[in-house]
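As the structure is a computational prediction, the values presented were derived from the model and not from experiment.
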Amino acid sequence: MGSYYHFASLFLLCCFITVAPTGARKLTALVEQQPLILKYHNGALLKGNITVNLIWYGQFTPIQRSIIVDFIQSLNSPRAALPSVSTWWKTTDKYKSGSSALVVGKQILHEAYTLGKSLKTMHLLALSKKVNGLNSINVVLTAKDVAVDGFCMSRCGTHGSTRVSQGKRVIRSAYVWVGNSETQCPGQCAWPFHQPIYGPQTPPLVSPNGDVGVDGMIINLATVLAGTVTNPFNNGFFQGPATAPLEAVSACTGIFGSGAYPGDPGRVLVEKTTGASYNANGVNGRKYLLPAMWDPQTSACKTLV
């Protein structure tokens with residue numbers, strides 16, 4: 001029922017482990033990467049104009065909401081300076097023909113924690129159904145004090161689909177969930193803006209918007225949005241089993257700039273006045289750090305810098 005994204009820190013650990021011919025594990029300094037091919041499984045992709053509806057569950061400040069809204073608006077804005085968020089997103093155009101133009105639609109605030117502060121997948125599905133519409137992605141965002149089943153244990157975000165009635169028709173609707181990990185597991189879901197739980201202990205980067213939790217959410221939101229448009233119904237582009245697929249961005253976990261290796265995000269840009277690390281410019285003067293995306297033309301993880 002959807003795709004799950006494991007943290008970068010697990011990637012950092014696993015990349016130092018290989019399996020010996022006997023089946024026993026052995027540690028190595030570096031593992032030669034196998035060719036990375038995301039196979040197309042002949043399913044529908046999300047192309048054309050797509051409305052992104054935001055369901056905010058819990059307490060988010062207006063500034064936090066604006067950071068995320070500006071990011072989504074940046075995906076298709078040609079106005080930002082290079083390297084830009086929209087340049088990063090254009091790689092999704094190469095997954096079959098046609099672009100995926102995301103625009104912000106409705107926003108619903110659930111600040112009263114009506115479903116409590118410990119949510120299960122069924123609660124995320126119920127929240128995602130608060131908005132119905134064709135050609136849309138419903139994004140559920142949970143605040144830092146909301147626990148979600150599997151959050152921090154095995155995932156930082158999810159995407160999947162549900163079936164909804166549209167008149168006499170039943171259509172498949174895409175949904176996304178991303179949580180704010182600031183107080184629960186920043187070492188897992190907000191790396192490289194926080195020390196990782198596992199792997200090499202490199203100094204954390206300074207987050208570009210001054211909010212480790214929300215800047216971590218941007219990384220995970222970017223990951224699941226790219227996965228949603230290129231593999232919305234588990235029969236698009238991915239590598240591995242459909243129950244735990246490596247997708248457009250999750251196949252490139254831990255890579256943010258050139259020269260990246262396990263435990264090091266790679267060479268990125270640094271804002272002189274604040275020391276903040278970023279690799280993409282957005283609208284309204286925003287800066288973001290975005291993960292690498294697999295490029296179908298080169299069969300390699302592509303970074304902006």
Side-chain angles (χ1 to χ4, degrees), residues 1-3 5 38-55 68-80 84-108 125 127-141 157-178 218 220-238 242 245 247-252 280 282-283 288 290-291 293-298 302 304:
M1 84 118 247
S3 304
Y5 291 89
L38 270 61
K39 181 183 176 183
Y40 177 50
H41 294 77
N42 301 314
L45 308 185
L46 297 187
K47 296 290 185 177
N49 295 324
I50 302 165
T51 301
V52 178
N53 301 305
L54 302 175
I55 298 99
I68 291 176
V69 169
D70 284 350
F71 167 68
I72 296 171
Q73 291 178 332
S74 299
L75 292 170
N76 297 107
S77 173
R79 301 193 307 271
S84 68
V85 174
S86 61
T87 299
W88 175 83
W89 185 250
K90 275 190 176 299
T91 300
T92 63
D93 294 0
K94 301 178 184 179
Y95 287 72
K96 305 290 287 179
S97 59
S99 63
S100 303
L102 271 54
V103 295
V104 177
K106 295 180 180 178
Q107 296 191 56
I108 298 177
L125 289 170
L127 288 168
S128 73
K129 292 179 180 179
K130 293 291 184 181
V131 184
N132 286 331
L134 291 171
N135 301 322
S136 64
I137 302 171
N138 291 343
V139 178
V140 178
L141 301 160
T158 300
H159 81 81
S161 64
T162 60
R163 295 184 182 276
V164 296
S165 297
Q166 194 79 15
K168 294 183 178 180
R169 293 188 302 159
V170 175
I171 62 171
R172 299 178 84 173
S173 177
Y175 77 91
V176 157
W177 160 73
V178 173
I218 293 295
N220 297 312
L221 181 59
T223 299
V224 291
L225 283 177
T228 299
V229 299
T230 59
N231 185 34
F233 309 120
N234 272 2
N235 55 9
F237 282 87
F238 63 88
E247 298 177 330
V249 175
S250 61
C252 303
V283 299
Y288 299 99
L290 301 180
M293 189 185 306
W294 187 75
D295 188 329
Q297 292 182 349
T298 61
K302 179 181 179 181
L304 283 170

Colleague: Please list, chain by chain and in numerical order, all residues satisfying side chain to side chain contact (heavy atoms under 4.5 Å, CB included) with A280, sequence neighbours excluded.
Modeller: V85, L290, L304

Colleague: Looking at residues at least two apart in the chain, or sitting in another chain, which of them share a side-chain hydrogen bond (donor to acceptor under 3.5 Å, both in side chains) with T87?
Modeller: S84

Colleague: Would you mind telling me which of L221, V103, I72 makes a side chain to side chain contact (heavy atoms under 4.5 Å, CB included) with V52?
Modeller: I72

Colleague: The criterion is ring-ring contact (aromatic ring centres under 6.0 Å, His included); which residues satisfy it with F71, sequence neighbours excluded?
Modeller: Y288

Colleague: Are there more than 12 heavy atoms of other residues, nucleotides or ligands under 6.0 Å from atom CG of N235?
Modeller: yes

Colleague: Rounded at 0.5 Å granularity, tell me how far OG1 in T230 sits from CZ in F238.
Modeller: 10.5 Å

Colleague: Which heavy atom in K47 sits nearest to a heavy atom in T92, and how many Å separate them?
Modeller: NZ-O, 3.0 Å

Colleague: Is there side-chain contact between V176 and V178, with heavy atoms separated by less than 4.5 Å?
Modeller: yes

Colleague: Got a second to check how far W294's CH2 is from Y95's OH, nearest 0.5 Å?
Modeller: 5.5 Å

Colleague: Given side chain to side chain contact (heavy atoms under 4.5 Å, CB included), test I50 with V229 step by step and report yes or no.
Modeller: CA-CA 9 Å; I50 302 165; V229 299; 4.2 Å; yes

Colleague: Looking at residues at least two apart in the chain, or sitting in another chain, which of them share a side-chain hydrogen bond (donor to acceptor under 3.5 Å, both in side chains) with D295?
Modeller: K94

Colleague: Any heavy-atom pair between the side chains of L225 and W89 that's under 4.5 Å?
Modeller: yes

Colleague: Search all heavy atoms of T223 against all heavy atoms of P291 and return the closest pair with its distance.
Modeller: OG1-CG, 3.9 Å

Colleague: So, for P232 and S161, which heavy atoms are closest and what is the spacing to 0.1 Å?
Modeller: O-CB, 4.0 Å

Colleague: Pairs under 3.5 angstrom only: tabulate donor-acceptor contacts from the side chains of residues 129-140 to other protein residues two or more places apart or in another chain.
Modeller:
residue : atom : partner : partner atom : Å
S136    : OG   : G133    : O            : 3.0
N138    : OD1  : N53     : ND2          : 2.9
N138    : ND2  : S128    : O            : 2.6
N138    : ND2  : V131    : O            : 2.7

Colleague: Compute the ring centroids of F237 and H41, then answer whether they are less than 6.0 Å apart.
Modeller: no

Colleague: If I compare all heavy atoms of G282 with all of S74, which pair ends up nearest, and what's the gap?
Modeller: CA-OG, 3.3 Å

Colleague: Is the shortest heavy-atom distance from the side chain of L141 to the side chain of L54 under 4.5 Å?
Modeller: yes

Colleague: For a quick test of reading the model, state the closest non-hydrogen atom pair linking S250 to P245 and the distance between them.
Modeller: OG-O, 3.9 Å

Colleague: Is the closest side-chain heavy-atom distance between T91 and Q297 below 4.5 Å?
Modeller: no

Colleague: Do L75 and W88 make a side-chain contact, defined as non-hydrogen atoms from C-beta onward lying under 4.5 Å apart?
Modeller: yes

Colleague: For the residue pair S100 and N76, what are the closest heavy atoms and their distance?
Modeller: O-ND2, 3.5 Å

Colleague: Check side-chain hydrogen bond (donor to acceptor under 3.5 Å, both in side chains) between D70 and all other residues, then give those that pass, not counting sequence neighbours.
Modeller: N284, R286

Colleague: Which residues pass the side chain to side chain contact (heavy atoms under 4.5 Å, CB included) test with A44, sequence neighbours left out?
Modeller: F233

Colleague: Could you work out, with side-chain hydrogen bond (donor to acceptor under 3.5 Å, both in side chains) as the rule, every residue matching K106, not counting sequence neighbours?
Modeller: none

Colleague: Can you run down the salt bridge (Lys or Arg N to Asp or Glu O under 4.0 Å) pairs that involve residues 160-176, sequence neighbours left out, and say none if there aren't any?
Modeller: none

